[in-house]
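Starting from 1, each residue takes its place in the sequence as its number. What you see below is based on every heavy atom in this structure, not just the backbone, and it leaves out hydrogens, waters and symmetry mates. Counting starts at 1 for both ligands and their atoms, following the listed order.
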Amino acid sequence: MEWVSRSESDTERLARHFAGLAQPGTVIALDGDLGAGKTKFSQGFAAALGVPGVVNSPTFTLIKEYEGRIPFYHMDVYRITQGEADELGLDEYFEGEGVCIVEWASIIADLLPGSRLGLYIESLDADSRKFRCEGIGEPYAGWIEQWKYSK
Ligand SMILES: Nc1ncnc2c1ncn2[C@@H]1O[C@H](COP(=O)(O)OP(=O)(O)O)[C@@H](O)[C@H]1O
Ligand SMILES: [Mg+2]
């Protein structure tokens, strides 16, 4: 599915939709150039999960853990090394009690779980972003269908 966000609040609305469906083991793989809106989406998602306070880009920490309705694991793997990827034990996060969002997910494509929601964001202009949403395995295809019919 392709969908165009015309504003930050549009992006927050999409994030809120997916946050409402998130459950332990949910993995959302985000891709898109710098400034596309990966962190913006993650912030909207965190707010909808009930995470208090500020959620910033975890570029230098690789992963940050937050407590919301369920735990929220926010990853940014832009600068990850092979050694770090091995050490982090990503599978334990992916299969854990919380929901994972991975910024720059395609960099660790071969480490991602077989079931995930893939979101590819492209800047169209200053305020518009094209989201290509791909449900890979269950239950994500249904999540996208629900978004299509929720408007
Ligand atoms: N429709 C939109 N959705 C998301 N962000 C938007 C949108 N329009 C403008 N922006 C701006 O684009 C930037 C996205 O930055 P950020 O989320 O940090 O990107 P990334 O994490 O992909 O590098 C922010 O400055 C945000 O205000
Ligand atoms: Mg970011």
Side-chain angles (χ1 to χ4, degrees), residues 1-22 25-94 96 98-113 116-136 140 143-151:
M1 177 199 70
E2 285 191 353
W3 175 77
V4 175
S5 161
R6 301 279 176 204
S7 64
E8 284 186 14
S9 60
D10 270 358
T11 294
E12 283 163 4
R13 200 154 49 82
L14 181 67
R16 205 180 311 131
H17 170 73
F18 291 131
L21 295 165
T26 291
V27 175
I28 301 181
L30 294 183
D31 280 290
D33 290 341
L34 210 64
K38 301 180 295 300
T39 298
K40 201 83 221 165
F41 175 91
S42 303
Q43 289 166 337
F45 189 95
L49 272 187
V51 172
V54 182
V55 170
N56 283 320
S57 181
T59 307
F60 295 99
T61 47
L62 291 175
I63 177 157
K64 284 189 188 166
E65 305 188 23
Y66 301 92
E67 277 305 322
R69 170 173 69 78
I70 55 176
F72 172 47
Y73 308 123
H74 188 200
M75 308 178 191
D76 183 322
V77 298
Y78 187 60
R79 290 187 170 79
I80 204 168
T81 63
Q82 186 65 54
E84 284 168 334
D86 295 339
E87 252 168 51
L88 270 175
L90 289 171
D91 281 348
E92 289 189 22
Y93 288 102
F94 296 149
V99 48
C100 295
I101 291 187
V102 187
E103 298 194 31
W104 298 101
S106 62
I107 289 176
I108 56 158
D110 52 346
L111 300 176
L112 296 173
R116 60 185 186 270
L117 178 65
L119 301 180
Y120 309 85
I121 315 173
E122 188 189 330
S123 292
L124 299 178
D125 59 39
D127 296 319
S128 300
R129 302 290 186 269
K130 185 162 83 183
F131 280 79
R132 187 162 63 77
C133 309
E134 191 183 5
I136 304 158
Y140 302 104
W143 292 15
I144 293 169
E145 286 302 304
Q146 285 183 44
W147 171 251
K148 283 203 278 194
Y149 296 110
S150 71
K151 293 175 275 101

>> Any heavy atom of S123 closer to ligand 1 than 4.0 angstrom?
In response: no
> Where on S57 is there a heavy atom closer than 4.0 Å to ligand 1, on the side chain, on the backbone, on both, or on neither?
Replying inline: neither
> For ligand 1, is D33 a contact, meaning one of its heavy atoms is under 4.0 Å away?
Replying inline: yes
>> Rounded at 0.5 Å granularity, tell me how far CG in L90 sits from CD1 in I63.
In response: 7.0 Å
>> If the cut-off is 4.0 Å to any non-hydrogen atom of L34, which atoms of ligand 1 fall inside it?
In response: 23 (O)
>> I want to know if ligand 1 touches G32 in the polar sense, i.e. an N/O pair below 3.5 angstrom.
In response: no
> Numbering the atoms of ligand 1 from 1, which are under 4.0 Å from a heavy atom of S7?
Replying inline: 1 (N), 2 (C), 3 (N)
> Does an N or O from G35, backbone or side chain, lie closer than 3.5 Å to an N or O of ligand 1?
Replying inline: yes
>> To the closest 0.5 Å, what do you measure between CG (L119) and CZ (R132)?
In response: 10.0 Å
> With a 4.0 Å heavy-atom cut-off (strictly under), which part of E103 contacts ligand 1: side chain, backbone, both or neither?
Replying inline: side chain
>> Just checking: S57, one of its N/O/S atoms, less than 2.8 Å away from the Mg ion (ligand 2), yes or no?
In response: no
> Any idea which protein heavy atom is nearest atom 11 (C) of ligand 1, and the distance to it?
Replying inline: R129 NH2, 3.6 Å
> Short check: any N/O/S atom of E103 below 2.8 Å from the Mg ion (ligand 2)?
Replying inline: yes
> Less than 3.5 Å between some nitrogen or oxygen of S128 and one of ligand 1, yes or no?
Replying inline: no
> Among F18, Y66, F72, whose ring-ring contact (aromatic ring centres under 6.0 Å, His included) with F45 holds?
Replying inline: F72
>> Considering both backbone and side-chain atoms of S5, is one of its nitrogen or oxygen atoms within less than 3.5 Å of a nitrogen or oxygen in ligand 1?
In response: yes
>> Quick test: of every protein heavy atom, which one is nearest to atom 4 (C) of ligand 1, and how far off is it to 0.1 Å?
In response: T11 OG1, 3.5 Å
>> Considering non-hydrogen atoms of the protein only, which is the closest contact for atom 27 (O) of ligand 1, and what is the distance?
In response: E8 OE2, 2.2 Å
> Is there a protein heavy atom less than 4.0 Å away from atom 25 (O) of ligand 1?
Replying inline: no
> Is it true that K40 and E8 have a side-chain N and a carboxylate O under 4.0 angstrom from each other?
Replying inline: yes
> Which atoms of ligand 1 are found less than 4.0 Å from any heavy atom of A126?
Replying inline: 8 (N), 9 (C)
